[in-house]
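Since we're looking at a predicted model, the values are computed, not measured.
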Amino acid sequence: MTIRRNIENQVRGLVKEYGLLFPRAIGLQFRKLVVELLGEDHQLLRCGHGPSLHHEQTCKQQSKFDDEVRQLAKSEETTRRLMTIPGVGVVTALTFRHTIDDPPRFRSASSMSAYLGLTPRRNQSGETDINGKISRWGDRLLRTYLFEAATVLLYGTKKWSSLKAWGMKLAKRIGMNKAKVAIVRKIAVIFHCVWVDGTSFDWGQAKTA
């Protein structure tokens, strides 16, 4: 995905220098827009053809990898259960699955959160004991995916869940940035419980007024 984005950014930069506006697009739509904007006789077409061809080959290869990853996720019962959590996709579930590997080695879900760098730092000096920002220890990639899952939960999922309702209520009270950190911790705790207990996520029922 990073390679594809780099190619797209390079082509956008070339097109922009000629004063052409490039709408947001990816994949096949991106390549079609390049041709539409430049036209057959544009002098930049030859320069853009190489990156465009490379972009097409990269997209095909990425699509192949995506299919393989999805099949891997479907073949693992634990990963399928982790994906029942709203906001959690294939990559996040698999990354968590293979990073944690053996959840019973953590005495509690909170100790696993500390392992992932999701607990606040504590600054102690004399009689002062202050909780700061999260420590950011542990696996950075998994932590990034967990934050993406929290974002998808809040903005991308339409189905009601007790987790989303709790997150939105918290965001109104303490702000979105701090709420996301709390939601990420909550998702990590749910991950641990679902995995250890052999259960699936409980969406809950919305309370009627």
Side-chain angles (χ1 to χ4, degrees), residues 1 24 26 62-63 65-120 131-209:
M1 184 174 293
R24 183 177 178 81
I26 61 174
Q62 180 181 316
S63 179
F65 288 149
D66 287 345
D67 290 339
E68 292 175 354
V69 169
R70 291 190 189 96
Q71 290 300 320
L72 177 61
K74 290 179 180 179
S75 67
E76 294 185 350
E77 189 267 341
T78 297
T79 306
R80 291 198 303 271
R81 286 191 289 104
L82 294 177
M83 289 170 60
T84 63
I85 302 170
V88 175
V90 173
V91 175
T92 302
L94 281 174
T95 304
F96 185 88
R97 171 80 171 78
H98 293 285
T99 299
I100 299 302
D101 187 46
D102 183 26
R105 66 193 173 108
F106 299 101
R107 294 182 178 180
S108 64
S110 59
S111 63
M112 186 193 65
S113 293
Y115 173 79
L116 295 176
L118 297 174
T119 52
N131 285 334
K133 297 181 179 180
I134 58 174
S135 66
R136 298 183 185 274
W137 296 331
D139 192 283
R140 180 179 179 182
L141 181 62
L142 176 55
R143 199 164 51 248
T144 298
Y145 286 146
L146 288 173
F147 273 93
E148 288 182 359
T151 301
V152 173
L153 168 70
L154 293 173
Y155 300 108
T157 57
K158 295 182 179 179
K159 183 179 177 181
W160 188 94
S161 69
S162 56
L163 179 59
K164 180 174 181 177
W166 172 79
M168 295 301 292
K169 184 178 180 180
L170 189 63
K172 290 180 181 179
R173 183 164 59 87
I174 65 175
M176 187 58 71
N177 290 337
K178 291 182 179 179
K180 276 189 180 181
V181 175
I183 293 168
V184 167
R185 290 197 200 104
K186 179 75 77 172
I187 290 176
V189 169
I190 295 173
F191 263 138
H192 185 270
C193 294
V194 166
W195 193 347
V196 173
D197 298 343
T199 57
S200 296
F201 178 76
D202 181 7
W203 288 73
Q205 294 293 327
K207 295 181 180 180
T208 57

Could you please spell out the steps behind the side-chain contact (heavy atoms from CB on, under 4.5 Å) verdict for Leu141 and Thr99? CA-CA 10 Å; Leu141 181 62; Thr99 299; over 6 Å; no
Does [Y] offer a backbone N or O that forms a donor-acceptor pair with the side chain of [X] under 3.5 Å?
| X | Y | answer |
| --- | --- | --- |
| Arg80 | Lys74 | yes |
| Arg185 | Ser113 | no |
| Thr95 | Leu142 | no |
| Arg105 | Ile100 | yes |
| Arg143 | Leu116 | yes |

pair Ile85-Leu153: side-chain heavy atoms closer than 4.5 Å: no
Side-chain contact test, heavy atoms from C-beta onward, threshold under 4.5 Å: evaluate it for Phe147 versus Val181 and give yes or no. yes
Go through the steps to decide whether Leu154 and Met176 satisfy the test side-chain contact (heavy atoms from CB on, under 4.5 Å), and finish with yes or no. CA-CA 10 Å; Leu154 293 173; Met176 187 58 71; 3.4 Å; yes
Atom pair [atom1]/[atom2] of [X] and [Y] - distance to nearest 0.5 Å:
| X | Y | atom1 | atom2 | result |
| --- | --- | --- | --- | --- |
| Phe191 | Thr92 | CZ | OG1 | 6.5 Å |
| Thr78 | Arg81 | OG1 | CZ | 4.5 Å |
| Leu82 | Ser200 | CG | OG | 9.0 Å |
| Met83 | Arg97 | CE | CZ | 13.5 Å |
| Tyr155 | Met168 | OH | CE | 7.0 Å |
| Leu72 | Asp67 | CG | CG | 12.5 Å |

Is it true that, when you exclude Asn177 itself, more than 12 heavy atoms of the residues, nucleotides or ligands shown sit nearer than 6.0 Å to its CG? no
Nearest non-hydrogen partners of [X] and [Y], listed with the distance:
| X | Y | value |
| --- | --- | --- |
| Thr199 | Cys193 | OG1-O, 4.2 Å |
| Val196 | Pro103 | CG2-CB, 3.8 Å |
| Phe96 | Ala188 | CZ-O, 4.4 Å |
| Ala179 | Gly167 | CB-O, 4.3 Å |
| Val90 | Ala73 | CG1-CB, 3.7 Å |
| Pro86 | Leu163 | CG-CD2, 4.3 Å |

Name the orientation class of the two ring planes belonging to His192 and Phe106 (parallel below 30°, tilted from 30 to 60°, perpendicular beyond 60°). perpendicular
I'd like to know whether Ser162 forms a side-chain contact (heavy atoms from CB on, under 4.5 Å) with Asp202, so could you lay out the CA-CA distance, the side-chain angles of the two residues, the decisive distance to 0.1 Å, and finally the verdict. CA-CA 8 Å; Ser162 56; Asp202 181 7; over 6 Å; no
